[in-house]
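Reading through the structure tokens given below for one structure.
Every chain is numbered from 1 and lettered A, B, ... according to where its sequence line falls, protein lines coming before strand lines. All values below were derived from every heavy atom in this structure, side-chain atoms included, with hydrogens, water molecules and symmetry-related copies excluded.
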Number of protein chains: 2
Amino acid sequence: MTELNEKQLQILQVAERLFAEKGFDGTSVRDIAREASINIAMVSYYFGSKDKMLEALILWRTSDMRLQLETLLKLDADPWEKLEKLIELYINRVRRNHCIYRIIHFELANTQRSIKIEEFNEVKKRNLGMIRQIVEEGQQSGQFRKDIIVELLPATVLGIYFQFHNTRLFYQSVLDLKTDEDFEQYVEHNLIPYIKQVLKALLKNENQ
Amino acid sequence: MTELNEKQLQILQVAERLFAEKGFDGTSVRDIAREASINIAMVSYYFGSKDKMLEALILWRTSDMRLQLETLLKLDADPWEKLEKLIELYINRVRRNHCIYRIIHFELANTQRSIKIEEFNEVKKRNLGMIRQIVEEGQQSGQFRKDIIVELLPATVLGIYFQFHNTRLFYQSVLDLKTDEDFEQYVEHNLIPYIKQVLKALLKNENQ
DNA sequence: GTTTAAGTTAAACGTTTGTTTAGTTTTGGT
DNA sequence: ACCAAAACTAAACAAACGTTTAACTTAAAC
């Protein structure tokens, strides 16, 4: 895949939404064609097959997914401030790309489907390296504790967020969040601060 | 659905594994019939349809999923000990039932599929009530801090665990976990202790 | 031993699936 | 204006899908 033209992007956008809503196997090429107002044959014409379209979709999205951590690193701020900004960056990226995240999580674990995700993993490794730098800064200044498994920090931030979304119906019932707006408001004003609180508590050096 | 006979259980067990591996839409009735060594028609004969079989599967599994929290509550132990036991109960249940959890998370969020999960939510609410009791115990003895959003504690425990599993390939690469055994060992000796550490840090009353 | 119901089967049902074909329209360079 | 390449379409393709049918076997009851 060299370059994507306008029509291809239009198809991928529709496909992304439908795959996230109904799953890859639950979405037919005809569904995509109908909603994208194109002919069924265009999928094969542009991407070769439905499977290759999924690969193109993942490739397209992941290439755009690197965190803007460089600027964060260079920022002359308190490690605690950097940590907050870091969490916000992560959550915002996930919120913007929640469709493709759903797809990747779902189809990746799918045994029979073999998607190329080396690039996806590379992005995650890069981001992990930057997190490690921020954590080490905090450790050197004595503000963060020493025994931190940095690798598990992304899983903590994203895990809490995804679990909240995946059990959405339960939380809407328990927390009395009637509308989608209520739900997003809770994420903004309660969930994200909670995630920050969790990481702060975890990283705080008690011996200081 | 009144009672499940041996054959029905055999079918559901195979279906559970395949749905978890390949998704509901990615698994055909013929796949299930082949692996369960039964005739294709038996699915419709016993359950009515493929969809109703999924409902029966979820109903069967969730009825068996209540945490044994009652004994934990009555235990005359330190709140910190109870917290540890609580986390172990949660994780162990998820590890035992990880297939049905995968299915529920992914098929539930599926827009077009309308599965009855009131019972599933009821179980979760019951469990949440018990967690609240344990937390309140710790708060009354002054060991836990007061401003805890109890509702988000299950999402924290399960979220970290699921995220670790969902991005398995990434973590196998980053943490150099070559075999399945290595992976499970890491969960046992690193991930679960980490989750305990997270919750302890979060709940600990600093003003004590 | 006969009867009745439940269990089980292979085959066929009508749809829907992803993909291809063969033909038409549009586009852009000369 | 012409032509070749690209874009696009309706129709058809075989394969796979979930489900139903009708016939057959087994099991239990009387």
Side-chain angles (χ1 to χ4, degrees), chain A residues 1-60 103 106-107 110-116, chain B residues 1-60 103 106-107 110-116:
Chain A
M1 186 66 55
T2 55
E3 204 66 34
L4 296 169
N5 63 41
E6 215 169 302
K7 201 105 191 184
Q8 286 175 304
L9 287 177
Q10 176 198 346
I11 297 172
L12 288 186
Q13 277 165 9
V14 172
E16 183 182 35
R17 180 168 53 79
L18 293 182
F19 288 165
E21 280 177 10
K22 315 195 286 177
F24 180 78
D25 290 309
T27 306
S28 72
V29 179
R30 284 169 178 81
D31 290 335
I32 299 168
R34 195 184 310 113
E35 299 225 12
S37 304
I38 54 151
N39 188 276
I40 327 162
M42 297 308 289
V43 169
S44 290
Y45 178 74
Y46 274 128
F47 300 102
S49 69
K50 188 190 175 190
D51 285 86
K52 284 180 186 166
M53 182 179 61
L54 176 61
E55 276 194 33
L57 171 59
I58 291 176
L59 218 63
W60 168 53
I103 296 168
F106 191 96
E107 306 302 339
N110 196 317
T111 320
Q112 59 194 359
R113 195 131 38 234
S114 58
I115 307 168
K116 292 176 188 167
Chain B
M1 187 66 54
T2 55
E3 203 68 31
L4 296 170
N5 64 39
E6 216 169 300
K7 201 104 189 183
Q8 286 175 305
L9 287 177
Q10 177 198 346
I11 298 173
L12 287 186
Q13 277 164 11
V14 171
E16 182 182 36
R17 180 170 54 82
L18 293 181
F19 287 166
E21 281 177 9
K22 315 195 288 179
F24 180 78
D25 290 310
T27 306
S28 72
V29 177
R30 283 169 178 82
D31 291 334
I32 298 168
R34 194 184 311 113
E35 298 225 12
S37 304
I38 54 151
N39 188 277
I40 326 164
M42 299 307 289
V43 169
S44 289
Y45 177 74
Y46 274 129
F47 301 101
S49 70
K50 189 189 175 190
D51 285 87
K52 285 179 186 166
M53 183 179 61
L54 177 61
E55 277 194 33
L57 170 60
I58 291 176
L59 220 61
W60 167 54
I103 297 168
F106 282 118
E107 305 304 338
N110 195 319
T111 320
Q112 58 194 0
R113 196 134 36 235
S114 58
I115 306 168
K116 292 174 188 167

With the side chain defined as heavy atoms from C-beta on, A41(B) is closest, among dG7(C), dA12(C), dT20(D), to dT20(D)

Closest of dT19(D), dA10(C), dT9(D) to the S44(B) side chain is dT19(D)

Nucleotide nearest K50(B) (side chain, heavy atoms from C-beta), chosen from dA10(D), dG18(D), dA7(D)
dG18(D)

Do the side chain of E16(A) and the main chain of L57(A) share a donor and acceptor less than 3.5 angstrom apart?
no

Side chain of K7(A) - closest among dC8(D), dT9(C), dT19(C)
dC8(D)

Under 3.5 Å: donor-acceptor pair, side chain of Q10(B), backbone of A36(B):
yes

Spell out, as yes or no, whether a donor-acceptor pair under 3.5 Å connects the side chain of T27(A) to the backbone of L18(A).
yes

If you find the nucleotide of DNA chain C closest to D31(A) and the one closest to Y45(A), which residue's nucleotide is nearer the 5' end?
D31(A)

Counting only side-chain nitrogens and oxygens, does S49(B) get under 4.0 Å of the OP1 or OP2 atom of dG18(D)?
no

Whole-Å gap separating P (dC17(D)) and CG (D51(B)):
15 Å

Write down the distance between CD (Q8(B)) and C1' (dG7(C)), rounded to a whole number of angstrom.
12 Å

Flag the pair F24(A) / K50(A) as yes when at least one side-chain heavy-atom distance between them is below 4.5 Å, and no otherwise.
yes

Expressed in angstrom and rounded to an integer, what is the separation of Y46(A) atom OH from dG18(C) atom P?
20 Å

Below the 4.0 Å mark, does dT17(C) have OP1 or OP2 next to a side-chain nitrogen or oxygen of S28(A)?
yes

Upstream residue (5' side of DNA chain D) when R30(A) and I38(A) are each assigned their closest nucleotide
I38(A)

How close or far is atom P of dT16(C) from atom CD1 of I40(A), stated in whole angstroms?
13 Å

Nearest-Å distance, NZ (K52(B)) to P (dG18(D))?
16 Å

Start with the C-alpha gap between K22(A) and D31(A), add the side-chain angles, then the distance that decides, and say whether salt bridge (charged side-chain N to carboxylate O under 4.0 Å, His left out) holds.
CA-CA 11 Å; K22(A) 315 195 286 177; D31(A) 290 335; 3.1 Å; yes

Can you tell me how far P of dC17(D) sits from NZ of K22(B), to the nearest Å?
9 Å

